[in-house]
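Structure, as C-alpha cells:
Letters A, B, ... are given to chains in the order of the sequence lines, protein chains preceding strands, and every chain is numbered from 1.
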Number of protein chains: 2
Amino acid sequence: MKDKTADQTLCPVARAEAVVGDRWTVLILRELFARNHRFEEIQAYTGGTPQMIAARLKKLETDGLVTRRVYNKRPLRHEYHLTKKGEAFFPVMFALRAWGETWCKSPREGLSMNYTHFSCGKPTGLGPVCQSCGEPLHWPDVVAERSPKYQKERDARWEAFKASR
Amino acid sequence: MKDKTADQTLCPVARAEAVVGDRWTVLILRELFARNHRFEEIQAYTGGTPQMIAARLKKLETDGLVTRRVYNKRPLRHEYHLTKKGEAFFPVMFALRAWGETWCKSPREGLSMNYTHFSCGKPTGLGPVCQSCGEPLHWPDVVAERSPKYQKERDARWEAFKASR
DNA sequence: CTTGTTACTATGAATTTCATAGTAACGTGG
DNA sequence: CCACGTTACTATGAAATTCATAGTAACAAG
C-alpha cells in the first residue's frame, strides 16, 4: 500500500494522486462530504467490500485527511470525520462533480446534485465560484440536495445493503 | 478494463471516477495539459510502462477525452491531444495541483508550479479564480512555469529515459 | 441464551500491474 | 543494401491487488 512516488517527485499532481488517486478513496471522501460518517454507511453507499473500505480509511487516516472519533464506548465504535486537510479537498471534489455532471451524463438525465450557497441562500451553479454571489465556495458553506431519482437510488442502495445481512 | 459503475449510478462523482479514477490516467492528462503530446514523452515523464500508457491512452480515446492526430505518415505516427471534454477537466487538475502544493509538501519546498494568467499577465495564485483579476481560469489561458528544481527533475527523467535505450 | 447491531478480518480465485524484453515500420549514413 | 537509430508500441511471466463470499468479535436487548 505504500507509495514511493510521493517522495520521488516534486510534482504536486503526482503527490496528490499518491494520496487520492484511487476510485474507492474518492468515493469514501464523497460520503464524508455528504456527512455519512459510519463504516456501514460508507460501505453501503459506495458498494465497496469491507476490506476496500477498511484499507482506504486506514490510509486516509495515516495520510491525515480523516480522523476517527469515538461515538460509543462498549462496544467501542468510531465515526470517520474529515480533518482540515480532508476538507481542503473540497474544491477538487466540487470540480470533479461539475465535470461529471457536464461530461459524463446524457443531457436528459439532468443534474443529480444541486448546491445552495449557505451564505447567500442561492444556487451555486457548477462553476468554481458561486454563480449567485461570486464568492469562492467552501465546505461546509454549501448545502447539497439530491435529485429525487438520485436520492431514490441512494435509498435503494441502503435497503439492499441492509437486506443482505 | 470496462467499468459498469458508470451506468449503474447517477452520481456524477462516480461517473467521473470511472473515467479518470486512476493514477496513470491523471498523470497522462497532466502531460497533455503540459503540451507533451507524444507517446515517449508521456512515458518518460510519468514513468509508466508502455502498456500502462498505451492502455490508458486507448481508454481516454474511447472515453472521448483524447484524440489521436497524425503528425507523420511513413512511418505512421500519432500525437495525442485533448478534446473539449479533456480540456474541460482542467479545473479538476488545477484544484488537485493546488491541493497537492498546499497539503502534500513541506513548507520549505516551495511551489513547484507557478501559473500566469495570459489575459491579465499576472500570477493566478492557487485559488479557483485568478487572484490578480478575479476571472475564472481556463486552459489554455494560463501559462505554467516550473520551479528550477522541478524542471531539473523533469529534465533528469527525460535523460534517464533516453539513456535506457 | 438467542438474536441483532456494527465493524471489521480471512480466504482463495480472478484480475491487474510491473519489470524486462522484444517487435514493427520506417529513415539514414556508409 | 544493410546495419543502426527512432518511435511506438506488444509479449511474457512473476508479483501484487481486488473481488466475492464467508466468518469473527464485542457487546445490548429481550
Side-chain angles (χ1 to χ4, degrees), chain A residues 1-5 8 17-18 21-28 31-32 36-62 66-81 157-165, chain B residues 1-5 8 17-18 21-28 31-32 36-62 66-81 157-165:
Chain A
M1 186 83 92
K2 124 178 67 172
D3 198 333
K4 285 175 298 181
T5 318
Q8 289 171 343
E17 279 294 291
D22 175 277
R23 215 161 62 82
W24 294 120
T25 300
V26 175
L27 294 181
I28 288 171
E31 292 310 314
L32 295 178
N36 291 316
H37 302 291
R38 307 233 171 133
F39 192 94
E40 65 168 353
E41 293 174 319
I42 295 169
Q43 198 197 333
Y45 291 125
T46 60
T49 63
Q51 297 97 308
M52 288 294 111
I53 307 302
R56 294 318 185 288
L57 282 172
K58 205 161 285 175
K59 182 160 188 294
L60 280 168
E61 203 185 347
T62 55
V66 162
T67 34
R68 293 203 306 165
R69 191 179 297 175
V70 171
Y71 75 90
N72 194 45
K73 313 178 174 198
R74 315 194 50 79
L76 190 59
R77 293 282 182 259
H78 297 92
E79 282 179 342
Y80 297 91
H81 286 261
R157 268 172 201 259
W158 182 254
E159 293 309 323
F161 178 77
K162 279 291 170 183
S164 73
R165 316 196 313 176
Chain B
M1 186 81 91
K2 125 178 67 174
D3 197 333
K4 286 175 297 180
T5 318
Q8 288 171 344
E17 279 294 290
D22 174 277
R23 215 162 60 82
W24 295 120
T25 300
V26 175
L27 295 181
I28 287 171
E31 292 310 315
L32 295 178
N36 291 316
H37 301 292
R38 307 231 172 137
F39 193 94
E40 65 168 352
E41 293 174 319
I42 295 169
Q43 198 197 334
Y45 291 124
T46 61
T49 62
Q51 296 96 309
M52 288 294 110
I53 307 303
R56 294 319 186 287
L57 281 172
K58 205 161 285 177
K59 183 161 189 294
L60 280 168
E61 202 186 347
T62 56
V66 162
T67 33
R68 294 203 305 166
R69 191 179 297 175
V70 172
Y71 75 90
N72 195 46
K73 312 179 174 203
R74 316 193 50 80
L76 190 57
R77 295 281 182 258
H78 297 93
E79 281 180 343
Y80 297 91
H81 286 263
R157 269 172 201 260
W158 183 253
E159 293 308 325
F161 178 77
K162 278 291 169 186
S164 73
R165 319 195 312 174

Below the 4.0 Å mark, does D:dT7 have OP1 or OP2 next to a side-chain nitrogen or oxygen of B:K162?
yes
Reckon B:R77 touches a base, only the sugar-phosphate, or nothing at all at heavy-atom distances under 4.0 Å?
base
d(CD, A:E79; C1', C:dT5) in whole Å
15 Å
Could you state the NE2-C1' distance from B:H37 to D:dT7, rounded to the nearest angstrom?
17 Å
Find the distance A:I42:CD1 to C:dT6:P and express it as a whole number of Å.
14 Å
When you measure from the side-chain N and O atoms of B:R56 to the phosphate of D:dC9, is any distance below 4.0 Å, counting only OP1 and OP2?
no
Could you tell me the separation between the OG1 atom of A:T49 and the CD atom of A:Q43, rounded to the nearest 0.5 Å?
7.5 Å
Side chain of A:E40: nearest nucleotide among D:dC19, C:dA7, D:dT7?
C:dA7
Give the rounded distance in Å between these two atoms: CZ of A:R38 and P of C:dC8.
12 Å
By nearest-heavy-atom nucleotide on DNA chain D, the more 5' of B:Y71 and B:A54 is B:Y71
Of the nucleotides C:dC8, D:dC19, C:dA7, which one has an atom closest to the side chain of A:T49?
D:dC19
Between CG of A:N72 and P of C:dA7 the distance, given in whole Å, is 10 Å
Closest to the B:W24 side chain: C:dT9, C:dT17, C:dC18?
C:dC18
By the 4.0 Å heavy-atom rule, please label A:K73 as base, sugar-phosphate, or nothing.
nothing
In terms of the angle between their ring planes, are A:F39 and A:Y80 parallel, tilted or perpendicular, with boundaries placed at 30° and 60°?
tilted
Select one nucleotide: of C:dC18, C:dC8, C:dC26, the one nearest the side-chain heavy atoms of A:P50.
C:dC8
Got a sec: does the NZ of A:K73 have more than 12 other heavy atoms crowding it under 6.0 Å?
no
Can you tell me how far P of C:dT16 sits from CE of A:M52, to the nearest Å?
13 Å
Closest approach of A:R23 to B:E17 (non-hydrogen atoms, all atoms of both residues)
CA-OE1, 3.4 Å
Between atom CG in B:L57 and atom P in D:dC9, what is the gap in whole Å?
8 Å
Within the modelled atom types, does a donor on one side and an acceptor on the other bring the side chain of B:Q51 and the base of D:dA11 under 3.5 Å apart?
yes
For atom CZ of B:F161 and atom C1' of D:dC9, their distance in whole Å:
11 Å
Quick check on D:dC9: is either OP1 or OP2 less than 4.0 Å from any side-chain nitrogen or oxygen of B:Y80?
yes
May I ask you to test the B:K59-B:T25 pair for a side-chain heavy-atom distance under 4.5 Å?
no
Please determine, for the side chain of A:D22, which listed nucleotide (D:dA8, D:dA28, D:dT18) has the closest atom?
D:dT18
